[in-house]
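Scroll down for the structure; my scribbles are underneath it.
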Amino acid sequence: MVKNAADVVIVGGGIMGCAAAYYLAKGGCSVIVLEKENAVGSGGSARNGGGVRQSGRDPRELPIAMRGIKNIWPTLAEELGVDVEYCQKGNLRLGKTAAHLDILAGLTRKAVDCGLNVKMISGDEARAINPYLSQAVLGASWCPTDGHANPLLATLAFYRRARQLGARFISGETVRAIRKNKGRARVVAAENGLYEGGTIIVAAGLGSRPLLNTVGLDVPLQPVLLETLVTEAAVEMFPQMLGTAAADFYGHQSARHGSFVFGIASGYEPFARAGFPVSSSGAAAAACRNILSYFPVLADLKIIRSWAGWIDDCADHVPVISFTDEVPGLIIACGFSGHGFGISPAVGKLLSEMVIDGQPALDLAALRYDRFGIK
Amino acid sequence: MTRIKEHPILGVYPKGELVEFTFDGQTLRGFAGEPVAMALRSAGVLIHRYTSKLRRPRGIFCAIGRCTDCVMVVDGRPNIRTCVTPLAAGMNVRTQYGVGEEK
Amino acid sequence: MLERKDLGGYIAAPDDDLIVCRCEEITKGEIRHAIHDGLFTLAEIRRFLRAGMGLCQGQTCGRLVKALLARELGVAPAAVEPATARSPVRPVEMRVLADNQERDDG
Amino acid sequence: MKRYDLIVVGAGPAGLSAAIEAARLGLRVVVYDENARPGGQLFKQIHKFFGSREHKAKIRGIKIGEELLQEATDAGVEIMLNAAVTGLFAEKEITARVNERILHRKADAIILATGASENMVNFPNWTLPGVIGAGAAQTMMNLHGVKPGERILMLGSGNVGLVVSYQLLQAGCAVAAVVDALPRIGGYGVHAAKVARCGVPFYTAHTIVRAEGGDRVTGAVIGELDKDWRIISGTEKHFAVDTICLAVGLSPMSQLCALAGCAMEDDPAKAGYVPVVDKYGETSVAGIFAAGDVSGIEEASSAMIEGRIAGLAAAHRLGFLDKGDLDARIAVQEKALAGLRQGMFAPGSRGKTFTRTDEGYPLSQNLLRKGYLDAAEISAYPGITPDKGLRPVIECAQNIPCNPCQDACPKHCITVGGTDGNITALPVFDAQKGCTGCGLCVASCSGQAIFLVDEDAGEVTLPYEFLPLPQKGDRGRALGRDGQEVCAAEITAVKTAGVFDKTNLLTMRVPPQYAMAARFFQRES
């Protein structure tokens with residue numbers, strides 16, 4: 001075997017790549033993970049609000065979320081040897097207008113059809129669960145089995161454990177192309193060398209699209225700017241994961257640390273420019289206005305850090321997790337559209353099953369790469 | 001005596017009005033407009049807070065608002081950098097325990 | 001390019017209980033452990049331990065953590081990429097951030 | 001959104017200098033500073049500056065701060081205080097926190113002059129109240145009139161450690177020791193000497209082992225280091241102190257440069273992570289400049305010149321100054337900067353060890369290790385003549401950029417650098433010019449290294465900046481360069497004058513054989 005060869009080469013050292021590497025290494029595969037940034041987990045894995053939720057999800061990906069919350073998250077800290085700050089104390093998705101409540105009710109109906117324990121509650125019921133909510137909240141959807149965790153920790157915990165199990169990680173290595181050998185995906189051509197894999201997994205976020213293009217495939221991803229803010233540590237206030245029907249903020253308080261992490265849609269994304277600095281000057285302000293409209297009590301809390309990045313939004317906002325007919329040996333895992341974190345352990349497990357068992361334990365047909373009709 | 005009465009180069013320091021404030025309920029005096037931390041240091045108070053994890057004492061460290069070690073609960077708000085917060089008459093200054101007041 | 005090679009077994013140091021990050025109370029031993037666990041960049045150490053992620057945002061310990069990382073990796077401190085600067089560079093209350101409307105008297 | 005031609009971040013020596021130059025050329029300039037007072041560190045720097053007359057030598061930092069502020073106001077610069085710039089975004093947009101809101105402002109050019117932050121060092125119990133930065137001590141004493149403690153151990157013997165130790169003494173605190181891990185004192189010998197002659201011991205090749213105390217500092221233990229930076233067991237010394245002051249260097253505070261997307265480099269010669277700048281101080285982002293400590297740690301004198309250069313270059317970029325004028329003006333500034341950047345303390349000399357001065361005199365090893373010149377060493381230097389009778393004795397033994405003594409002498413007895421005007425040269429005394437003993441050189445020396453000595457009269461005149469000021473007839477002890485008692489002494493004259501700028505001249509009578517040894521006066525308590 002040549003030096004840079006492994007059973008599986010994973011392109012992308014985000015939480016998807018790291019989780020897949022962990023389950024593959026645990027399953028006895030040799031793994032090489034290539035990450036273009038110097039630090040592992042520098043993309044969307046470090047830019048999200050940490051939601052581990054089922055409610056509000058598209059029915060196509062809901063089974064993955066439910067599998068993760070039922071079978072993986074509760075014991076993940078123990079399994080990885082790192083407290084990933086998982087807290088399963090429910091998700092409140094808040095509404096302030098009748099239109100919001102309609103949106104929430106629609107989502108709730110679909111989730112109930114999939115067997116999820118989620119229900120609509122009144123504003124007062126929501127305030128009974130979270131007494132800090134303002135009177136402006138008219139109602140909410142409530143899913144008691146949802147929760148949150150720390151995405152920075154979870155990513156690095158998967159990385160750390162995978163590495164301990166023998167997975168090889170190379171960061172600061174930009175992948176340029178995937179090359180085929182006798183019809184199969186075989187070689188990953190990177191800036192500093194060639195890497196050979198029996199299977200190649202592309203889990204490279206936005207970078208997945210140009211990379212897939214090198215083997216004649218395309219997945220409709222587009223960049224969306226995501227801004228994240230973190231506050232100083234505060235006294236323990238509430239444990240729920242929060243979201244809104246208006247999608248104007250989401251976030252939670254870390255139970256262990258006391259700081260709040262918020263992610264936001266500032267409303268500027270369609271106009272945001274790729275480049276540097278990434279953060280826009282108005283985003284933090286917009287986020288704070290939005291958050292304070294639900295939680296006026298947080299007015300004095302200080303923001304100590306904010307950051308932004310581009311996530312891989314898929315045309316239908318649902319990921320692609322798929323083998324490809326045209327390129328055997330290639331597996332795609334991208335397009336998580338800003339809600340990948342919560343399902344990442346389950347996705348990592350599914351990817352390992354695809355490699356080791358030849359098929360995932362869940363039916364992923366609805367998440368195929370060729371559903372867009374542009375193959 | 002912690003306050004410098006007269007300095008060989010700077011002479012006599014221009015100070016605001018002498019005002020009263022409370023530290024953990026005890027009445028102290030300091031000059032309006034000077035940083036809260038200076039009034040406390042002059043009154044012999046060195047411990048501003050006890051940390052979250054190890055419950056260790058902390059006080060002034062950088063004195064220019066960068067290190068955030070000197071934070072206290074001021075008028076009910078935690079994490080206030082006392083080295084850059086001007087003293088005002090009647091201020092309620094409390095030792096911070098972890099991220100808030102003593103439970 | 002950074003190959004995440006094995007640094008060898010972790011050997012405890014007598015001063016491992018020394019505080020490095022004052023805000024988050026992270027010790028030298030915790031940081032050294034993390035480095036030996038494969039966290040080879042300042043960004044990863046910050047994310048994993050919250051060292052340098054407290055109220056002062058690493059203004060006090062940034063250089064200390066960097067020196068520690070350089071020593072464990074066997075490189076010059078200048079070769080270690082510094083942590084990314086983020087706004088706001090001073091803590092700002094949410095109510096103040098929220099009030100960014102233009103005013104004439106500014 | 002309100003716009004300016006130029007936004008300057010930081011109202012320290014670099015920022016104010018930049019703003020002054022730009023505003024004088026007609027730019028609409030605003031300066032933001034997070035502090036309640038402008039001037040940056042200048043208002044804490046109560047010592048007289050080094051350098052040359054054109055660059056405010058022998059003027060105290062506080063005075064320079066006032067002068068710069070006046071110049072800025074006269075030039076129409078808008079200065080916003082308590083205004084922390086919190087971010088820098090695309091299109092040269094800044095956000096600044098002013099009172100209870102965030103302002104958004106844009107400009108066609110931005111000069112970042114955010115200065116430096118203090119490095120810290122950790123040791124057991126370094127988080128105890130009573131362990132503080134040297135900057136904290138300076139802020140407490142010089143801005144707020146509060147002593148940081150009664151008895152202080154200083155860690156670090158660079159210029160900051162030395163200057164702050166002296167300021168602590170001036171504030172009425174006791175300094176138990178100055179400790180440095182390096183085998184030599186890092187700052188100017190003259191700064192060390194004025195601390196040493198007050199009786200403060202220096203411990204080079206020593207470091208702090210631990211701070212002691214339960215809930216506040218009650219003591220410190222230091223130990224000697226071997227070549228591999230390990231503490232030699234058995235060398236530990238205990239000091240009963242209530243304060244430990246850390247002066248272990250500065251780092252550029254360059255976060256805003258990085259936020260703006262400027263190309264950065266980690267350059268040990270610049271003491272940290274700095275923006276890459278061209279000769280005008282312009283970063284890789286067109287129209288964003290950096291000046292002063294943020295682009296590399298140096299003295300305030302250099303920061304002022306860098307600020308002027310960046311201000312001029314910004315004015316040129318915006319069309320307020322043509323290229324010819326720019327180059328002519330920059331050339332003058334660059335020459336001055338080159339003058340300051342010579343000698344063993346220049347930025348380019350960092351990490352190098354010197355054994356001789358530029359002129360070839362052996363460097364005093366005692367000065368480097370203990371902070372004072374040994375009696376056997378002093379006769380080597382050109383400011384110290386073998387003559388007897390009333391004359392200045394210039395105990396200036398290192399190449400530092402400074403020449404006020406030359407300008408101060410009405411008889412032109414003192415020259416620095418001869419005709420080529422090299423201000424880092426050692427001062428030379430020429431007795432033939434007819435010294436009258438006026439003492440102007442004593443008061444003008446920023447390093448307080450000049451004494452009038454008259455063996456015939458048994459009199460020594462020394463610079464004195466402490467309270468209470470001794471009176472004629474006061475009796476006490478004369479201390480040597482090492483701060484140890486040499487002999488009994490009586491004050492025969494006390495001179496104060498506006499021109500001395502608070503450096504008083506004490507004349508004390510000592511037995512003639514001690515006139516070349518007695519360098520400080522301590523009143524009988």
Side-chain angles (χ1 to χ4, degrees), chain B residues 21 23-24 33-41 45-88 90-103, chain C residues 12-35 37 39 42 45-68 77 82-99:
Chain B
F21 67 103
F23 164 68
D24 286 347
E34 72 178 353
V36 170
M38 296 304 132
L40 290 171
R41 182 68 190 81
V45 177
L46 271 83
I47 300 167
H48 289 217
R49 66 182 180 111
Y50 291 90
T51 58
S52 294
K53 268 194 204 169
L54 305 171
R55 298 277 146 179
R56 296 292 295 150
R58 295 285 175 87
I60 296 172
F61 188 56
C62 83
I64 51 168
R66 303 256 164 79
C67 76
T68 64
D69 245 351
C70 68
V71 297
M72 300 177 86
V73 182
V74 177
D75 290 338
R77 292 177 183 173
N79 279 349
I80 298 297
R81 298 173 295 165
T82 54
C83 71
V84 289
T85 300
L87 181 71
M91 249 179 186
N92 173 12
V93 180
R94 305 195 71 87
T95 305
Q96 185 166 320
Y97 294 81
V99 293
E101 291 190 39
E102 189 171 25
K103 279 179 198 149
Chain C
D15 59 351
D16 270 353
D17 60 348
L18 204 54
I19 295 283
V20 175
C21 169
R22 296 168 70 98
C23 297
E24 295 293 325
E25 303 181 85
I26 310 295
T27 65
K28 182 177 177 178
E30 288 173 275
I31 294 169
R32 289 186 61 236
H33 249 299
I35 298 166
D37 273 348
L39 306 169
L42 283 179
I45 292 172
R46 287 170 75 119
R47 291 173 191 158
F48 195 65
L49 295 174
R50 284 197 172 94
M53 295 278 250
L55 201 51
C56 95
Q57 287 291 291
Q59 298 204 68
T60 311
C61 70
R63 215 180 156 93
L64 297 171
V65 179
K66 194 172 166 180
L68 206 48
T84 316
R86 304 289 189 194
S87 81
V89 297
R90 297 285 179 269
V92 183
E93 293 85 350
M94 289 176 71
R95 68 182 151 79
V96 175
L97 266 173
D99 181 18

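Lettering of chains follows the sequences in order, A, B, ..., and the numbering in each one begins at 1.
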Are any of the side-chain heavy atoms of C:R90 and B:V84 separated by less than 4.5 Å?
-> no
Practice item. Begin from the C-alpha positions of B:R58 and C:R22 and carry the test side chain to side chain contact (heavy atoms under 4.5 Å, CB included) through to its verdict. Key: CA-CA 10 Å; B:R58 295 285 175 87; C:R22 296 168 70 98; 3.6 Å; yes
Sorted by chain and residue number, the salt bridge (charged side-chain N to carboxylate O under 4.0 Å, His left out) partners of B:E34 (sequence neighbours excluded) come out as B:R3, B:K15
Query raised in the report: Does B:L54 offer a backbone N or O that forms a donor-acceptor pair with the side chain of C:E25 under 3.5 Å?
Result: yes
Filtered by a 4.5 Å non-hydrogen cutoff, the part of residues 53-62 of chain C contacting chain B is C:L55, C:C56, C:Q59, C:T60
